[in-house]
Structure formats: C-alpha cells, structure tokens
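Starting from 1, each residue takes its place in the sequence as its number.
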Amino acid sequence: MSIRPVKRLIQSKPTLEGAGVHLRRAFGFGNTKETDPFLLLDDFRNDVPEDYLAGFPWHPHRGIETITYVLAGTVEHGDSMGNRGAIAAGDVQWMTAGSGIIHQEMPKGDQSGRMHGFQLWANLPASLKMTAPRYQEVKTLDIPEIKDDDGTHVRVVCGSFWGKKGPVDGIAADPIYLDVSVAPGRKKTLPVETTRHAFAYVFGGSGKFCNASSPLAVPTEAVKWLDTTPPVEADNRSLILFDRGDEVSVQAGDDGIRFLLVSGKPLQEPVAWYGPIVMNTQEQLQQAFKELEQGKFLKKS
C-alpha cells in the first residue's frame with residue numbers, strides 16, 4: 001500500500017458569485033487537469049444573512065453535474081422543468097444539467113442566521129453532454145454513516161466506502177464523495193483507488209496529511225534533509241490535492257479534523273468553459289450561448 005503524497009495545499013479564496021453571495025472558492029475557472037473530472041468547489045459557509053440572501057437567481061447550466069451539500073440552513077431551488085424544493089441541513093442535491101437547464105438557488109439561513117454548505121461541479125464526458133437533465137435529491141436520513149471504533153465518522157454521500165454505498169448513483173465521473181471526521185489526536189488511513197484524482201477540503205479542526213508511506217527518516221550526514229518532505233499542516237478552509245497512491249493518511253490535531261474527501265476517474269477530455277456552461281470545443285460553447293440568446297437552449301425530452 002502506498003500513501004498519496006500531498007501535491008499542493010491551497011487556501012480557498014474569498015469570491016463573490018450569483019447576485020452578491022460571499023463565499024470561498026477552493027478551485028475553479030482555471031486549469032482542470034489536476035482535479036479532472038471535477039471543475040469547481042465552492043464553500044458557501046456564511047453567518048451574515050446579508051452576505052448570502054441575494055442568492056443565485058435564474059441562470060443556465062449545460063454539460064456538467066452540480067452537487068450541493070448543505071450543513072446548516074436551507075437552499076430553496078426551482079428550475080425550468082418545474083421542480084421546486086428545498087435542500088435542508090444534511091441533505092444533498094445532485095443535478096445533472098446535461099443538455100441544458102435553467103434554475104435558481106436561494107440560500108436561507110437557520111434560526112442563528114447560519115448558511116453552511118458546499119457546491120461541487122463534476123464534468124460530463126462528451127458522450128453525455130447532451131443527455132436529458134435530471135435531479136437526485138437525498139435527505140439526510142438516507143445518507144449512510146459509518147462509525148469506527150477509534151471515533152472516525154464517515155458520511156457516504158456517493159460511491160462505495162467501507163462496505164457502505166451512498167444513495168446517489170448513475171454519475172458519469174463515478175465519484176466517491178465522503179464527509180470524514182477524525183477524533184482529536186488520532187491518525188487514520190483511508191483507501192482511495194490509485195486510478196482516481198483525489199482531494200480533501202478541510203472545514204473543521206486541523207491536522208496533518210502525511211507525505212510518506214513510512215516514518216520520516218532522522219536526518220544524518222548520509223541523508224539529505226531536503227529529500228525528506230515533512231507532513232503538511234492543513235486547517236479550516238484548506239484544499240489538499242493528492243498525488244498518486246492508494247491511501248490517504250491524516251493525523252488529526254487537538255480539536256480533531258473534519259473534511260470532504262472526494263475522488264473521481266479522470267475524463268481526460270478537452271474542456272471549453274465559460275461560466276456555468278462546459279463543453280468540449282469552442283464551437284460547441286458558442287453554439288450553446290447562441291441557443292441561449294435565441295431561446296432554443298432548453299431541449300425537449
């Protein structure tokens with residue numbers, strides 16, 4: 001077994017989106033090679049209602065899937081197919097935009113004014129870009145939870161992990177999406193298939209994601225210290241991109257650590273991207289915006 005080295009540690013950046021929602025962006029709107037098949041991860045945790053209530057009014061999507069995971073508060077949503085509803089604390093909505101959908105998402109805080117959650121964008125392969133749109137809405141009680149003897153707690157949003165299978169299925173990128181909590185001071189090793197791209201996003205506590213499959217060597221004259229990379233400290237709102245391997249190893253800090261652990265099979269296809277529309281070529285992208293202008297964006301199933 002080989003522990004995945006940490007390729008890069010990135011602090012999420014303050015960003016304004018929608019009609020003026022203050023959020024943090026872990027990655028997105030850049031080179032997608034390292035995160036393929038994932039395109040964007042937004043952390044919209046906010047305790048100030050005026051910084052999120054303007055929400056994300058009507059906007060189009062094509063060629064991707066959006067995954068909204070709510071921790072506190074609710075997100076009210078509606079779309080061009082006539083769907084209406086609310087994603088509450090602990091719930092997940094997985095939307096396959098496919099050939100095109102126009103929708104809106106309006107965050108509402110809880111009684112304390114908190115609105116906490118994440119939105120992840122997953123790319124669709126060329127063969128499914130123009131598939132029919134669909135939703136998968138999952139309530140918190142339907143998400144499997146695993147508790148290990150050492151206090152490790154895992155919610156399996158999507159994919160299979162430790163013998164449990166998440167309720168979201170039929171996703172092109174075949175992702176595994178986990179919400180992991182490790183108890184204070186504990187070290188935990190979690191399996192991740194070698195063929196996948198993987199990242200962690202820390203949103204509670206802190207810890208170290210180890211870089212080597214064996215303990216670090218004590219430097220002597222025969223060992224160059226620069227050849228021995230120490231573990232990386234990761235605190236709240238940190239994105240950790242992993243290199244190849246089949247395990248992720250984390251050492252929780254004094255307050256424990258909670259993070260998303262997400263992996264998926266790379267599509268390795270060209271990406272032509274502008275805003276919420278993601279195609280394979282510039283010609284396809286231009287066609288999508290032309291159809292939007294002409295009122296032909298939505299396809300009849």
What closest approach, in Å, do N280 and A272 show between heavy atoms, and which atom pair accounts for it?
-> C-CB, 3.8 Å
Test: K290 and E293 ion pair at under 4.0 Å | no
Within 6.0 Å of CZ in F29, more than 12 heavy atoms from elsewhere | yes
Taking C-beta and beyond as the side chain, do N123 and T32 meet within less than 4.5 Å on heavy atoms?
-> no
Without hydrogens or angle criteria, can the side chains of E283 and Q287 be said to hold a donor-acceptor pair below 3.5 Å?
-> no
Smallest separation among heavy atoms of D36 and Q268, with atom names | OD2-N, 2.8 Å
Answer yes if V262 and V70 sit in the same cluster of Ile, Leu, Val, Met, Phe, Trp and Tyr residues linked by side chain heavy atoms under 4.5 Å apart, and no otherwise.
-> no
Audit row: R155, Y177, side chain to side chain donor-acceptor pair (under 3.5 Å) steps and yes/no | CA-CA 9 Å; R155 299 191 85 211; Y177 188 127; over 6 Å; no
Measure from the ring center of F199 to the ring center of F27 and say whether it is less than 6.0 Å.
-> yes
Could you walk me through whether E50 and H22 pass side chain to side chain donor-acceptor pair (under 3.5 Å), step by step?
-> CA-CA 9 Å; E50 53 265 36; H22 294 250; over 6 Å; no
Could you walk me through whether H153 and D179 pass side chain to side chain donor-acceptor pair (under 3.5 Å), step by step?
-> CA-CA 8 Å; H153 181 271; D179 175 351; over 6 Å; no
Distance-minimising heavy-atom pair for T189 and S249 | OG1-OG, 3.9 Å
Side chains of H61 and H103 in contact at under 4.5 Å (non-hydrogen atoms) = yes
Does K129 use its side chain to pair, donor to acceptor, with the backbone of G63 at less than 3.5 Å?
-> yes
Given side-chain contact (heavy atoms from CB on, under 4.5 Å), test I64 with L39 step by step and report yes or no.
-> CA-CA 9 Å; I64 63 171; L39 300 163; 3.5 Å; yes
Kindly give the heavy-atom pair with the smallest separation between A198 and V192, and that separation in Å.
-> CB-CG1, 3.9 Å
Would you please say whether a donor-acceptor pair under 3.5 Å links the side chains of E76 and Q104?
-> no
Output for pair (R4 CZ, I240 CD1), nearest 0.5 Å, gives 13.5 Å
Taking the six-membered ring for Trp, are F242 and F209 ring centroids under 6.0 Å apart?
-> yes
Please test S238 against Q11 for side chain to side chain donor-acceptor pair (under 3.5 Å), starting from the C-alpha separation and ending with a verdict.
-> CA-CA 5 Å; S238 291; Q11 198 73 7; 3.1 Å; yes
Rounding to 0.5 Å, atoms CG (D42) and CG (L23) come to a distance of 4.5 Å
Spell out, yes or no, whether F161 and V248 are grouped together once hydrophobic residues are joined by side-chain heavy atoms under 4.5 Å, including indirect joins.
-> yes
Go through T68 and E105 one step at a time and tell me if the side-chain contact (heavy atoms from CB on, under 4.5 Å) criterion holds.
-> CA-CA 10 Å; T68 306; E105 298 154 307; 3.9 Å; yes
Distance from Q119 atom CD to Y69 atom OH, nearest 0.5 Å?
-> 15.0 Å
Would you please indicate if the ring centroids of F44 and F56 are separated by under 6.0 Å?
-> no
Begin from the C-alpha positions of K165 and V156 and carry the test side-chain contact (heavy atoms from CB on, under 4.5 Å) through to its verdict.
-> CA-CA 7 Å; K165 184 173 175 58; V156 186; over 6 Å; no
Given the rule in the side-chain contact (heavy atoms from CB on, under 4.5 Å) test, do V180 and L260 qualify, once you have shown the distances and angles that lead to the verdict?
-> CA-CA 6 Å; V180 181; L260 303 179; over 6 Å; no
Side-chain heavy-atom pair L120, T66 within 4.5 angstrom cut-off | no
Are V271 and M279 linked, directly or through other ILVMFWY residues, by side chains that come within less than 4.5 angstrom of each other?
-> no
Is the shortest distance from a Lys or Arg side-chain nitrogen in D174 or R196 to a carboxylate oxygen in the other one below 4.0 Å?
-> yes
Minimum side-chain heavy-atom gap Q93-I67 below 4.5 Å = no
Flag, side chain of D79 to backbone of I102, donor-acceptor distance under 3.5 Å | no
What about I10 and L41, same hydrophobic cluster or not, with Ile/Leu/Val/Met/Phe/Trp/Tyr joined at side-chain heavy-atom distances under 4.5 Å?
-> yes
Count the heavy atoms belonging to other residues, nucleotides or ligands that lie under 6.0 Å from NZ of K139, then report whether that count exceeds 12.
-> yes
Is there a salt bridge (Lys or Arg N to Asp or Glu O under 4.0 Å) between K188 and D148 once you walk through the steps?
-> CA-CA 10 Å; K188 198 67 181 176; D148 209 357; 2.5 Å; yes
Look at the side chain of D91 and the backbone N and O of T140, then say whether any donor-acceptor pair between them is shorter than 3.5 Å.
-> yes
Sidechain-backbone polar pair: K296 side chain, A288 backbone, donor-acceptor under 3.5 Å | no
Any salt bridge between E34 and R8, counting N to O under 4.0 Å?
-> yes
About how many Å separate CZ of R62 and CG of L292, when rounded to the nearest 0.5 Å?
-> 8.5 Å
Do T194 and E247 come within less than 4.5 Å of each other through their side chains, counting heavy atoms only?
-> no
Quick note, salt bridge (Lys or Arg N to Asp or Glu O under 4.0 Å) partners involving residues 10-24, not counting sequence neighbours, are E17-R25
4.5 Å side-chain heavy-atom contact, E65 and Q136 | no
List the atom of W58, the atom of S80, and the distance in Å for their closest heavy-atom pair.
-> CZ3-N, 4.3 Å
Aromatic rings W273 and W121: how do their planes relate, parallel, tilted or perpendicular, breaks at 30° and 60°?
-> tilted
Give a yes or no answer on whether the side chain of Q251 reaches the backbone of G185 with a donor-acceptor pair at less than 3.5 Å.
-> yes
Report yes if some heavy atom in the side chain of V6 is under 4.5 Å from a heavy atom in the side chain of L241; otherwise report no.
-> no
For the atom pair CG (D110) and CE (M115), what is the distance rounded to the nearest 0.5 Å?
-> 8.5 Å
Aromatic ring pairing Y201/F118, orientation class (parallel under 30°, perpendicular over 60°, tilted between) | perpendicular
Look only at the side chain of H59 and the backbone of P57, and say whether a donor-acceptor pair between them is shorter than 3.5 Å.
-> yes
Minimal non-hydrogen separation, S99 against P133, with atom names | OG-CD, 3.8 Å
I146 reachable from F259 in the ILVMFWY side-chain graph, under 4.5 Å edges | yes
Hey, what do you get for SG (C158) to CD1 (I176), rounding to the nearest 0.5 Å?
-> 8.0 Å
Is the closest side-chain heavy-atom distance between T96 and L124 below 4.5 Å?
-> yes
Do R258 and F203 meet the cation-pi criteria used here (NZ or CZ under 6.0 Å from the six-membered ring centre, within 45° of the axis)?
-> no
Quick check: are there more than 12 heavy atoms from other residues, nucleotides or ligands sitting under 6.0 Å from CG of D254?
-> no
